[in-house]
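The block underneath contains the structure these notes are about, expressed in structure tokens.
Worth knowing before you read on, the calculation uses all heavy atoms, side chains too, and leaves out hydrogens, waters and symmetry mates.
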Amino acid sequence: MTAEIDLPAYFQRIDHHGSAAPTLATLAAIVKAHAAAIPFENLDPIVGRTPALDLAGLESKLVRGGRGGYCFEHNLLLSHVLRALGFQVRGLAARVIWNQPEGRVTPRSHMLLHVDLDGAPHIVDVGFGGLTLTGVLRLVDAVEQPTPHEPFRLLEDGGYFGMQALVRGEWRPLYRFDLQEQFQPDYEVTNYFLSTHPASHFRTGLMAARALADRRLALRNREYAVHHLGGETERRVLDSTEELRRVLTDEFRIDLPADPALDQALDGLPR
């Protein structure tokens, strides 16, 4: 990673006006602001387009293009930012177990970040969709840790860590990872598979998410949910494609590209 990221443009995109010193407070502020400003979305994969993971492509889409992305895009972009600020960052990979049958072995299809702060390891992840981590976790075993949204914890077992979130009073497993460092080519291979394979869930349905200060927004195909912090969940079905486009634009703040393939994909979502 030799190219230089445009930090002023990134900070403007996430509306961060605080310190840029490589401290825990700075990291926490950036993570929270990133999750609120840059949505999770898979508009490229649903039309069979592989997202660019080079820095120029990430900046063009997520920073200057008014778009979001999925885990590789979010966390690679953030890794460039953090390294430029002086943080010690390593990429990791996880096996997603959210909503999977117990015992099922899934591929290493998710990216997260390991950040060393004053010799202490921390975990950052701004790319897990509807349960994106909006805080910074210490890499410690079995300690409930608060975030701006749900409490999270990590459970260590034989060198592997299970990420869990406390959702409606129940600890729900999200993914499992170890500390083996991953590199750009590792993510490129998985990125290509997930964005092109016909059985990939990123190819077969629409997903979008955004974590605001007092609520989480989540969209799966035409099912739109607003999860209020500590409160109720509002759900509705977006029957028309016009309403779907309006929610993507106004609520998720996505600048929808003028793309006939995307129009066709949105029209074809199940009703």
Side-chain angles (χ1 to χ4, degrees), residues 1-40 51-94 110-129 132-140 145-149 152 154 161 163 177 179-188 191 209-213 253:
M1 296 185 180
T2 58
E4 288 190 17
I5 186 166
D6 185 344
L7 286 174
Y10 173 79
F11 288 149
Q12 181 178 9
R13 173 73 166 103
I14 69 169
D15 196 27
H16 175 72
H17 305 286
S19 172
T23 65
L24 178 59
T26 297
L27 181 60
I30 289 174
V31 165
K32 182 180 179 182
H34 181 120
I38 307 181
F40 181 97
L53 299 186
D54 62 291
L55 178 56
L58 295 171
E59 289 187 298
S60 175
K61 181 180 176 184
L62 277 69
V63 176
R64 300 187 177 90
R67 292 282 305 280
Y70 59 6
C71 68
F72 307 112
E73 298 169 278
H74 278 276
N75 285 318
L76 280 171
L77 175 65
L78 182 59
S79 72
H80 283 282
V81 171
L82 297 181
R83 288 190 180 99
L85 295 178
F87 288 93
Q88 300 299 309
V89 183
R90 294 191 294 124
L92 303 178
H110 180 64
M111 179 185 181
L112 63 154
L113 299 177
H114 178 284
V115 182
D116 272 320
L117 283 167
D118 299 322
H122 295 73
I123 294 298
V124 169
D125 180 4
V126 290
F128 197 71
T132 283
L133 184 61
T134 57
V136 181
L137 299 186
R138 292 174 292 125
L139 187 62
V140 293
Q145 301 186 53
T147 77
H149 291 75
F152 280 70
L154 296 163
F161 292 86
M163 176 74 76
F177 64 94
L179 302 183
Q180 180 180 357
E181 185 172 7
Q182 307 293 303
F183 300 95
Q184 186 84 14
D186 301 311
Y187 299 128
E188 294 281 1
N191 178 51
R210 189 169 168 232
L212 301 177
R253 301 292 178 86

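- Of the inter-residue distances, the one linking Leu139 atom CG with Phe161 atom CZ reads 4.0 Å to the nearest 0.5 angstrom.
- Sorted by first and then second residue, the pairs that involve residues 6-18 and meet salt bridge (Lys or Arg N to Asp or Glu O under 4.0 Å), not counting sequence neighbours, are Asp6-Arg64.
- With rounding to the nearest 0.5 angstrom, the CG atom of Asp186 is 12.0 Å from the CG atom of Asn191.
- The closest side-chain heavy-atom distance from Ile123 to Met163 is below 4.5 Å.
- Environment of NZ in Lys61: crowded, with over 12 heavy atoms of neighbouring residues, nucleotides or ligands closer than 6.0 Å.
- For the pair Leu92 and His114, the tightest heavy-atom approach, listed with the atom from each and the gap, is CD1-CB, 3.8 Å.
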| message | As a quick check of understanding, evaluate side chain to side chain contact (heavy atoms under 4.5 Å, CB included) for Val126 and Ile38, giving each step before the final call. | response | CA-CA 9 Å; Val126 290; Ile38 307 181; over 6 Å; no

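- Between the CD atom of Glu73 and the CZ atom of Phe40 there is a distance of 9.0 Å, given to the nearest 0.5 Å.
- The heavy-atom pair separating Ala211 from Thr134 by the smallest distance is CB-CG2, 3.6 Å.
- Contact of the Leu27 side chain with the Leu82 side chain is registered, since non-hydrogen atoms from C-beta on lie closer than 4.5 Å.
- Taking the side chain as every heavy atom from C-beta outward, Leu7 and Leu85 approach each other to under 4.5 Å.
- The closest donor-acceptor contact from the side chain of Arg138 to the backbone of Gln145 lies at 3.5 Å or more, if one exists at all.
- Side-chain contact between Pro51 and Phe72 is absent, with no heavy atoms from C-beta onward closer than 4.5 Å.
- Proximity of Leu137 to Thr147: side-chain heavy atoms (C-beta onward) are separated by under 4.5 Å at one or more points.
- Taking CZ of Phe11 as the start and CD1 of Ile30 as the end, the distance is 4.5 Å to the nearest 0.5 Å.
- The two atoms that bring Val124 and Leu78 nearest to each other are CG1-CD2, 3.5 Å, heavy atoms only.
- With sequence neighbours excluded, the residues that form a ring-ring contact (aromatic ring centres under 6.0 Å, His included) with His74 are His34.
- Counting non-hydrogen atoms of other residues, nucleotides and ligands closer than 6.0 Å to CZ of Arg253 gives a total of 12 or fewer.
- Heavy atoms only, all atoms of each residue included: Leu113 and Gly91 are closest at CD2-CA, 4.2 Å.
- Scanning both residues, Gln184 and Asp54, for their nearest heavy atoms gives NE2-N, 4.2 Å.
- More than 12 heavy atoms of other residues, nucleotides or ligands sit less than 6.0 Å from atom CD of Glu188.
- Taken from CE in Met111 to CG in Asp125, the straight-line distance is 9.0 Å, to the nearest 0.5 Å.
- Side-chain N or O atoms of Ser19 include none that pairs as donor or acceptor with a backbone N or O of Thr26 at under 3.5 Å.
- Residues Leu112 and Phe128 have side chains not in contact (no heavy-atom distance under 4.5 Å, counting atoms from C-beta outward).
- You'll find the side chain of Phe177 reaches within 4.5 Å of the side chain of Leu154, heavy atoms only.
- Between His80 and the options Asn75, Leu55, Val89, a side chain to side chain contact (heavy atoms under 4.5 Å, CB included) holds for only Leu55.
- Ala25 meets the side-chain contact (heavy atoms from CB on, under 4.5 Å) test with Thr23; sequence neighbours excluded.
- Between Val136 and Val115 there is no side-chain heavy-atom pair separated by less than 4.5 Å.
- When all heavy atoms of Ala36 and Arg210 are compared, the pair lying nearest together is O-NE, 2.6 Å.
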